[in-house]
Amino acid sequence: MPTFIADTAKLGPNVELGENVTIEDFCILGAPLRGITKPAPLKIGDGSMIRSHSVIYQGCEFPGGIQTGHHVVIRENTRAGKRFRIGSFSDVEGHCEIGDYVTCHGYVHIGSGSKIGNFVFLYSLVTLTNDPLPPSHRTLARPVVLEDGVVVCVQATVMPGAVMRKGSYAVAGAKIAGEIPAGRVVDAEGGHELHVKAIFDMPTMARLPWMRNHIEKYPEDDRPHLQQLLEEILASASTTAQSSV
Amino acid sequence: MPTFIADTAKLGPNVELGENVTIEDFCILGAPLRGITKPAPLKIGDGSMIRSHSVIYQGCEFPGGIQTGHHVVIRENTRAGKRFRIGSFSDVEGHCEIGDYVTCHGYVHIGSGSKIGNFVFLYSLVTLTNDPLPPSHRTLARPVVLEDGVVVCVQATVMPGAVMRKGSYAVAGAKIAGEIPAGRVVDAEGGHELHVKAIFDMPTMARLPWMRNHIEKYPEDDRPHLQQLLEEILASASTTAQSSV
Amino acid sequence: MPTFIADTAKLGPNVELGENVTIEDFCILGAPLRGITKPAPLKIGDGSMIRSHSVIYQGCEFPGGIQTGHHVVIRENTRAGKRFRIGSFSDVEGHCEIGDYVTCHGYVHIGSGSKIGNFVFLYSLVTLTNDPLPPSHRTLARPVVLEDGVVVCVQATVMPGAVMRKGSYAVAGAKIAGEIPAGRVVDAEGGHELHVKAIFDMPTMARLPWMRNHIEKYPEDDRPHLQQLLEEILASASTTAQSSV
């Protein structure tokens, strides 16, 4: 489909659209639309789909394409790599760096300054915080870091300054604090003894980490990266074994 | 009041409105409004009220009337019975079957494929999940089942594949997994020993299950159904007593 | 900047705007815009900023200015004092009294009838409930009370009828019930033995209560009030010490 912009969508003069982009009704791109004399560009890459009622600020770049749900808000100076997907009612607070193939479900809140690697999944209601002593000065903010292959399940909260290393995994409702070693599972009590390798789904016998199962959903060019990530995560299990002795 | 459609609302050609329907500003009905050559009908029954900024997809049916809050999203192929109420910022992911007199408060997320019975209440931030091993293939999804008279309190999460039998009840923040027997209360630790009959409000001495108190709010024709449900839930208490011995 | 109203915003005849107010696109002010023959006034004070897609009902008063995020909903008969700030996707259910300098982050849900003092901070996903025995009659609602200087961190739930006394503080994910004495910290298990004075941030050695650090962000006229509040909260620590012996 050629690029389509709904007649009710509002675009600032600073918006640069790629090819085959869809902008649905009641969206605002390049916000704020007034009060700034020289707005920074907003770049929306080829094949992007911005669903209705979404607001994306100036100074953001999505060169590899972005797909939003409805009612999404993305604040200024956020950059994502290939195929960024972000669900309805999600809110990115700005000044965030996001890698390739990051998927956020709905109601995801990404605090200002967060750093997110490649192949990361964030589920509904996941919150990435950044204030170590609420309410503290913005200058004291300690945003979180999520490395490649991290998964954070529904309603989990990543506490200020937390660092989730490659392939670490947080269960539903977990509170993630401090540094989580590669491949570890953060449980509901905040512990992280278990390795993600040990988790499987009984009825189907499908196992984590998920790259075992999903590699064919990514373009061929990206599979070696994903394969290497899988190997690194699996290798981290032996470190786990030692450290838990 | 006769049917009213705000001048800013967008309706696809596939929308079928009943009588006395109100569609407020900035709504989109019959979405997506382009890219589909033969959209399925969207049926909005008599007396419905669609509040502003709501989006309802093609292929949904609300023959018994629907009342939404603001900023509600309902995806394709969802069907509800009589008087479906769903609060602001709620999100129904599509392919859901919903019974009569279901009430959802705000920020309720109903995962794709969920099955919800009659007289069910879901409170703010309740999430019905469906992915047993996130991120897994959509084909492996295990949606939840909530039977008649179920109540899920604020911020509770219903885990993939969970089945809540008639009149079971989840407290605030509970994680509901597996099969919950009729009339049982899921507590904050995930246990379900207590029967809902044992719960009451000290200052008013009001007791659960709620049908004891609210039956007059429903049309006379529906009260026998509600009365029978109450009896079934009360009867389930004796089973509980045995099993907990 | 002079007052600006986006061309797509919808304002009822009952809206009274102060000076230097900005109303962004796709907002609805004075809702509902039909069906009420004599709508109560909606007063928006000087310097207010209503961001896009927000809905504010009739009968609300913000004489001291209000700043909203995007997609905010504020229902009827809510009143706030000076500089009320409320983040994206927040929902105030109406009939609420809110003091001066109250700040709410995103996805904050304020149940109908809540009473909130001055200098209160509510973080993302905080929910103020009011139903003691869900689902109960609206007439039985027991809204919460948050006194001056209260802080409720991310994803905490304030249970029906809870009263948080001056300067009390709830950590992330806490469930707050009953009466919390002045200056106490509600922990993740719902206990409240600790005094807020004991909490500090290791790397920066910043300490609570926050008025120690932030007093210069408020106008000079309001600092004596804040200073007195600080002293009261600090003084409450000795009561704590006694009571925990």
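The basis for the numbers below is simple: all heavy atoms, side chains too, and nothing from hydrogens, waters or symmetry mates. Order of the sequence lines fixes the chain letters, A, B, ..., with proteins taken first and strands second; residue numbering starts at 1 for each chain. Here the structure is a predicted model, which means the values were calculated and not measured.
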Salt bridge or not for B:Arg34 and A:Asp25, using N-O below 4.0 Å? no

Nearest heavy-atom neighbours spanning [X] and [Y]:
X: B:Leu125; Y: A:Gln155; result: O-NE2, 4.0 Å
X: B:Pro132; Y: A:Asp201; result: CB-OD1, 3.7 Å
X: A:His53; Y: B:Phe26; result: NE2-O, 2.7 Å
X: A:Val151; Y: B:Pro135; result: CG2-CD, 4.0 Å

Is the CD atom of B:Glu179 crowded by more than 12 outside heavy atoms at less than 6.0 Å? yes

CD of A:Glu220: more than 12 outside heavy atoms within 6.0 angstrom? no

Report the C-alpha separation of B:His109 and A:Tyr123 in whole Å, then their side-chain angles, then the decisive distance to 0.1 Å, and conclude whether the ring-ring contact (aromatic ring centres under 6.0 Å, His included) test is met. CA-CA 12 Å; B:His109 174 80; A:Tyr123 285 87; over 10 Å; no

Between A:Arg207 and chain B, with a heavy-atom cut-off of 4.5 Å, which part of the residue counts as in contact: side chain, backbone, both or neither? backbone

Examine whether an atom of A:Thr22 lies under 4.5 Å from a heavy atom of chain B, and if so say whether it belongs to the side chain, the backbone or both; otherwise answer neither. side chain

side-chain contact (heavy atoms from CB on, under 4.5 Å) between B:His137 and A:Thr204: does it pass, once the steps are laid out? CA-CA 11 Å; B:His137 281 106; A:Thr204 60; over 6 Å; no

Taking side chain as C-beta onward, heavy atoms only, is [X] less than 4.5 Å from [Y]?
X: A:Pro203; Y: B:Arg142; value: yes
X: B:Phe89; Y: A:His71; value: no
X: B:Leu33; Y: A:Glu24; value: no

Given heavy-atom pairs under 4.5 angstrom as the criterion, report whether the side chain, backbone, both or neither of B:Leu140 touches chain A. side chain

Rounded distance [0.5 Å steps], NE2 in A:His70 versus CG in B:Asp91: 8.5 Å

Heavy-atom pairs under 4.5 Å with chain B: which of A:Ala172, A:Ser52, A:Ser88 has the most? A:Ala172

Selection from A:Phe200, A:Phe121, A:Trp210, A:Tyr107 maximising heavy-atom pairs under 4.5 Å formed with chain B: A:Tyr107

Carefully, step by step, assess B:Leu133 and A:Ile199 under the rule side-chain contact (heavy atoms from CB on, under 4.5 Å). CA-CA 9 Å; B:Leu133 195 74; A:Ile199 296 192; 3.9 Å; yes

Which pairs, with at least one residue in residues 115-130 of chain A and sequence neighbours excluded, count as a salt bridge (Lys or Arg N to Asp or Glu O under 4.0 Å)? A:Glu97-A:Lys115

Those residues at least two apart in sequence (or on a different chain) that pass ring pair (Phe, Tyr, Trp, His ring centres under 6.0 Å) with B:Phe119 are B:Tyr101, B:Tyr218, B:His225

